[in-house]
Amino acid sequence: MHGYLRDGLRDVGAFSVNTHRLSALGQGMVLQGQWQPFFDFLREAIAEQTGIRDYICGEKVIQGFLAGSVSL
């Protein structure tokens, strides 16, 4: 099941985040206090990859997206 989901997500590009950009923005946030670009990037990524139906259960989709993106 894991392989099927992994391959499906890879094929359609769902939940793809530019991890190099995220890492660079995270370093800027930690080392230089530039927090706004980091969160702007995450906001844009979430907006691009979610739909209105994803928010039916509240903020769980945001929590899951952040946990998945930041733990890469």
Report the residues that fulfil side chain to side chain donor-acceptor pair (under 3.5 Å) with Glu44, sequence neighbours left out, ordered by chain and then residue number.
none

If you draw a 6.0 Å radius around CD in Glu59, do more than 12 non-hydrogen atoms from other residues or ligands fall strictly inside?
no

Name all pairs fulfilling the salt bridge (charged side-chain N to carboxylate O under 4.0 Å, His left out) condition that reach into residues 31-42, sequence neighbours left out, sorted by first residue then second.
Asp40-Arg43

CZ/Phe38 to CH2/Trp35 distance, rounded to the nearest 0.5 angstrom?
12.5 Å

Expected list for residues 21-32: side-chain donor-acceptor pairs under 3.5 angstrom, two or more places apart:
none

Among residues at least two apart in sequence or on other chains, which ones pass side chain to side chain contact (heavy atoms under 4.5 Å, CB included) with Glu48?
none

